[in-house]
Undergrad: 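Quick one: the structure is below, questions incoming.
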Amino acid sequence: MNRIKPAEPLPIVAMRNAGKSYGKGAGVVHALRGVSTTIKPGEFVALCGPSGSGKSTLLNLMGGIDYPTEGDVFLMGQSLAALNDAQTATLRANAIGFVFQFFNLLPVLSVFDNVYYPLMLNGYSRKVARDQVMEIIEKVGLSNHYRRQPGELSGGQQQRVAIARALVKRPALIVADEPTGNLDSQTGQEIIELLLTMNDEFRTTFVISTHSLQLRKMAKRVLDIEDGRLIND
Ligand SMILES: Nc1ncnc2c1ncn2[C@@H]1O[C@H](COP(=O)(O)OP(=O)(O)O)[C@@H](O)[C@H]1O
Ligand SMILES: [Mg+2]
């Protein structure tokens, strides 16, 4: 009798020989080549490599911001090749959050409204969204600052707002592109600890590009990238 293996949970990201090149002919740049990897639910992965090694390109594929030019990328089991732009946008809106090096907050909006923004785009009124927004603002430690604007906050606090904004929809995956790259090491350490706490508490999957040795040490899994290839997992 055949033994039936227990079902594996669907990977959050699966890449099969994925590549990405920019331009054509003599000027072509192979930003990524032959990348095969799987990210499972709840993982906390650091993506490490020098400038220009392909970290942002890889994160853009994992976040459904960009399409591969070779191979396959599956997000929550769905092939990017089989989705049109509108379907990819829906997948992103429902399942993926983003955090960037320079925070990318809306400067004229309050902390509350920056965090509410993704819910607004999904059609929630401020009133309906209020508890959900305030809960996540509290989780990132900014309850006392929810009326402020980003310009009135420190860099670390602004990154906390960006993390709250990424988390407010409880996405399956958060992709963070050098989230500590613009912070001093103490503040960077606090941000890494916050991300780890959110990973534990919400089981959110994180993939985080970084030059930080602290993050490399604290991550549960490390991917090293060089010249567009994964060289170590
Ligand atoms: N839009 C683009 N057009 C052309 N080349 C690009 C583009 N984006 C990235 N590249 C090139 O792809 C390579 C990888 O870039 P990137 O993914 O930004 O690396 P990293 O984030 O590790 O610094 C680099 O050689 C970069 O110059
Ligand atoms: Mg980059």
Side-chain angles (χ1 to χ4, degrees), residues 12-39 43-75 80-81 83-85 88-89 91-92 96-105 155-156 158-163 165-166 171 173-185 187-189 191-192 194-195 205-233:
I12 299 291
V13 179
M15 301 182 115
R16 301 281 169 260
N17 234 356
K20 174 81 188 176
S21 23
Y22 295 103
K24 291 189 196 152
V28 67
V29 176
H30 296 286
L32 279 185
R33 309 179 211 228
V35 172
S36 295
T37 191
T38 303
I39 311 285
E43 284 204 279
F44 191 94
V45 182
L47 173 64
C48 303
S51 267
S53 57
K55 299 183 298 298
S56 295
T57 304
L58 182 53
L59 291 184
N60 288 346
L61 295 184
M62 289 187 172
I65 291 180
D66 209 346
Y67 294 91
T69 48
E70 287 122 53
D72 295 309
V73 175
F74 298 86
L75 302 182
L80 283 186
L83 300 177
N84 62 30
D85 285 351
T88 310
L91 178 66
R92 277 200 310 267
I96 304 171
F98 297 89
V99 177
F100 304 97
Q101 182 173 0
F102 296 105
F103 323 133
N104 294 20
L105 301 173
Q158 290 185 53
Q159 195 60 301
R160 286 171 186 273
V161 178
I163 291 165
R165 176 184 59 185
L173 171 67
I174 288 187
V175 166
D177 199 354
E178 304 200 33
T180 63
N182 195 39
L183 302 173
D184 65 75
S185 63
T187 307
Q189 177 73 27
I191 291 296
I192 296 165
L194 175 64
L195 296 176
T205 308
F206 283 88
V207 182
I208 308 168
S209 76
T210 187
H211 292 281
S212 155
L213 292 177
Q214 294 160 307
L215 179 48
R216 190 188 173 89
K217 256 187 263 163
M218 291 171 81
K220 296 163 188 170
R221 177 177 167 201
V222 175
L223 296 175
D224 283 305
I225 185 169
E226 212 175 275
D227 295 330
R229 294 178 193 278
L230 291 185
I231 54 168
N232 168 49
D233 185 344

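Source: prediction; values computed, not measured. Indexing begins at 1, ligand by ligand and atom by atom, following the structure's order.
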Undergrad: Out of V207, L173, V175, T37, which one pairs with V13 under the side-chain contact (heavy atoms from CB on, under 4.5 Å) rule?
TA: L173
Undergrad: Only pairs at least two apart or in different chains count here, so list each ring pair (Phe, Tyr, Trp, His ring centres under 6.0 Å) that has a residue in residues 206-231.
TA: F44-F206
Undergrad: Should P50 be listed as contacting ligand 1, given a heavy-atom distance under 4.0 Å as the test?
TA: yes
Undergrad: I'd like to check the side-chain hydrogen bond (donor to acceptor under 3.5 Å, both in side chains) partners of T210; sequence neighbours left out, ordered by chain and number.
TA: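 Listed in chain order: nothing, the list is empty.
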Undergrad: Tell me the protein heavy atom at minimum distance from atom 12 (O) of ligand 1, and give that distance in Å.
TA: A31 CB, 3.3 Å
Undergrad: Give me the residue, atom name and distance of the protein heavy atom closest to atom 6 (C) of ligand 1.
TA: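 The closest heavy atom on the protein side is Y22 CD1, 3.3 Å.
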Undergrad: Show the atoms of ligand 1 that are less than 4.0 angstrom away from any heavy atom in S51.
TA: 23 (O)
Undergrad: Give every protein N, O or S atom lying under 2.8 Å from the Mg ion (ligand 2), naming each by residue and atom.
TA: S56 OG
Undergrad: Please tell me if atom 9 (C) of ligand 1 is touched by the protein, where touching means a protein heavy-atom distance below 4.0 Å.
TA: yes
Undergrad: Report the nearest protein non-hydrogen atom to atom 18 (O) of ligand 1: residue, atom name, distance rounded to 0.1 Å.
TA: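 Among all protein heavy atoms, the one nearest atom 18 (O) of ligand 1 is S56 CB, 3.8 Å.
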Undergrad: I'd like the name of whichever of S53, G54, G52 reaches closest to atom 24 (C) of ligand 1 through any heavy atom.
TA: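 Looking at heavy atoms only, G52 sits closest to atom 24 (C) of ligand 1.
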Undergrad: With sequence neighbours left out, write down each residue that passes side-chain hydrogen bond (donor to acceptor under 3.5 Å, both in side chains) with S53, or none if nothing qualifies.
TA: none
Undergrad: Given V29, L59, V28, T57, which one has a non-hydrogen atom that is nearest to atom 17 (O) of ligand 1?
TA: T57
